[in-house]
Amino acid sequence: MIKFLDLQKVNAQYAEELKKVAAEVIDSGWYLLGDHVKQFESGLVSFQEGGNAVAVANGLDALRLIFKAYIELGVMKPGDEIIVPANTYIASILAITDNQLTPVLVEPDFDTYNLDLNLIESKITSKTKAIMVVHLYGSVCWNQELEILAGKHSLKLIEDNAQAIGARWNGIRTGNLGDAAGFSFYPGKNLGALGDSGAVTTKDAELAKVVRTLANYGSAQKYVNQYQGLNSRMDEMQAAFLNVKLRYLDQETLQRQKIGAYYLENIKNSRIILPKADVVAEHVWHLFVIRSNNRKELQDYLSENGVQTLIHYPTPPHLQECYVDFNNFSLPITEQMHNEVLSLPISPVMSKKEVEKVVEILNNYSSGTV
Ligand SMILES: *Cc1c(COP(=O)(O)O)cnc(C)c1O
């Protein structure tokens, strides 16, 4: 069986180092707001090549905290509108609605799976305060017109960078393109912790300060509470693990890019639609997502041939029970995508043989009923 993602194998590569730092944290007697977190934050700033970083508890909180901070700073208020792709992972939308902001769901582009940047301007109203782009599947969603549009309407540009750490647009790291970005280090992400954690990055030192305070009960000074905050801190253990794994991220990304390029070049089957890799942007292949108008048949065929695949995501946010008010929105492209997408195995620990096998099986796929 070729696993979709063999996390055990991913972390086994670093087991010795991970155990060593875990022992250090245990022995230190210091588990929160300590040196490992500080080291991770400065490591992330170096990796990002600038800006400020605040380590938090998870990716959803990173995004929630950005909006919460903008509200505290008076940049946004409940009821304001945030433009966001309709086909994103639900966490992007939850971060908006949790702050009593209104998500304005915009259709993606069929080729890139990312927010269709041409559709944004018509969605801007007097209440719009930000555009949240999602670099979905590790593919950069950005262009110069977007920057110009945001400038023209005084909108914040927020990046959901949960899936794209390490990617670049015009040489600039994602997460450093806009005003603020949320990162996730969920174990299955490209930089995965051994549990939950996340981060906010921003060029805006004032915003970073408010995010940091909000993530610590709204308190910058012990027992003095400036805001009604959350408890959303990254713990020392996860930071220590991430300090180890961050050193290998570029190398792992390169591995993903090799597999991505191999799939793109070698999968040749008219029944399968391949993703389009943008040449201006550097794709980090968090996921390699193909499309088929007969997905169930294709997924069963792959499974019968020993290839595990997943669907990201089976149901779009607007059709979820928790968003009953959005259930009758007309988002045909989003819905079609959710019916067609299928994620192939891709990870830094896949062997060349496994990658070739996946390609061979896909190229032999004819009717599925053979
Ligand atoms: C994973 C993910 C999140 C949320 O991150 P968590 O760490 O799981 O809370 C947000 N947005 C996107 C696009 C994601 O893939």
Side-chain angles (χ1 to χ4, degrees), residues 4-5 7 40 44 53-68 82-99 101 103 105-106 108 112-115 130-142 157-167 174-175 177-178 180-201 211 215 230-235 237-239 241-242 245 256 275 283-289 310-318 320 322-323 334 337-338 341 343 346-347:
F4 175 75
L5 169 64
L7 263 186
F40 177 69
L44 186 58
V54 183
V56 300
N58 56 66
L60 170 58
D61 277 3
L63 297 169
R64 280 170 79 197
L65 284 160
I66 292 169
F67 290 114
K68 209 168 163 59
I82 311 296
I83 290 172
V84 63
N87 65 322
T88 183
Y89 179 55
I90 197 157
S92 325
I93 317 282
L94 289 172
I96 297 170
T97 57
D98 183 66
N99 282 291
L101 296 159
L105 305 177
V106 178
T112 63
Y113 305 133
N114 269 329
L115 184 59
I131 300 165
M132 175 151 79
V133 298
V134 181
H135 306 299
L136 201 66
Y137 308 148
S139 152
V140 183
C141 178
W142 203 262
L157 284 171
I158 298 170
E159 301 174 73
D160 179 339
N161 199 33
Q163 302 191 359
I165 186 167
T174 56
L177 293 166
F183 290 64
S184 166
F185 310 117
Y186 172 81
K189 296 285 159 72
N190 284 23
L191 177 62
L194 278 68
D196 275 318
S197 55
V200 172
T201 62
V211 167
L230 318 172
N231 174 2
S232 180
R233 301 172 300 213
M234 181 189 289
D235 61 68
M237 190 67 91
Q238 295 309 329
F241 293 145
L242 289 170
K245 293 189 71 181
R256 288 177 181 275
H283 199 315
V284 294
W285 299 110
H286 173 56
L287 298 171
F288 193 98
V289 178
L310 293 179
I311 296 167
H312 297 92
Y313 300 91
T315 307
H318 74 280
Q320 298 285 356
C322 66
Y323 286 130
T334 297
M337 270 189 188
H338 281 75
V341 290
S343 307
I346 188 161
S347 82

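As the structure lists them, so they are numbered: ligands from 1, and atoms in each ligand from 1.
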*Identify the residue among Val134, Val133, Ile158 that makes a side-chain contact (heavy atoms from CB on, under 4.5 Å) with Ser92.*
Val134
*Examine Ser184 against ligand 1 and note whether any of their N/O atoms are separated by less than 3.5 Å.*
yes
*Nearest neighbour in protein (non-hydrogen) for atom 13 (C) of ligand 1*: Asp160 OD2, 3.3 Å
_Distance filter under 4.0 Å to Ala162 heavy atoms, resulting ligand 1 atoms_ = 2 (C), 3 (C), 10 (C), 11 (N), 12 (C), 14 (C), 15 (O)
_Identity and distance of the protein heavy atom lying nearest atom 15 (O) of ligand 1_ = Gln163 NE2, 2.8 Å
_Protein contact of atom 9 (O) of ligand 1 - nearest heavy atom, named by residue and atom, plus distance_ = Leu60 N, 2.9 Å
_For His312, the option from Leu287, Val341, Leu136 that meets side-chain contact (heavy atoms from CB on, under 4.5 Å)_ = Leu287
*Which atoms of ligand 1 are found less than 4.0 Å from any heavy atom of Ala91?*
3 (C), 4 (C), 10 (C)
*Can you tell me if Gln238 uses its side chain to pair, donor with acceptor, with the backbone of Ser197 under 3.5 Å?*
no
*Going through the checks in order, is the side-chain hydrogen bond (donor to acceptor under 3.5 Å, both in side chains) test met by Glu159 and His135?*
CA-CA 7 Å; Glu159 301 174 73; His135 306 299; 2.8 Å; yes
*Determine whether the aromatic ring centres of Phe40 and Phe185 lie less than 6.0 Å apart.*
yes
*Determine whether any heavy atom of Lys189 lies closer than 4.0 Å to an atom of ligand 1.*
yes
*Report the C-alpha distance between Thr174 and Trp142 in whole Å, list the side-chain angles of each, state the deciding distance to 0.1 Å, and finish with yes or no for side-chain contact (heavy atoms from CB on, under 4.5 Å).*
CA-CA 9 Å; Thr174 56; Trp142 203 262; over 6 Å; no
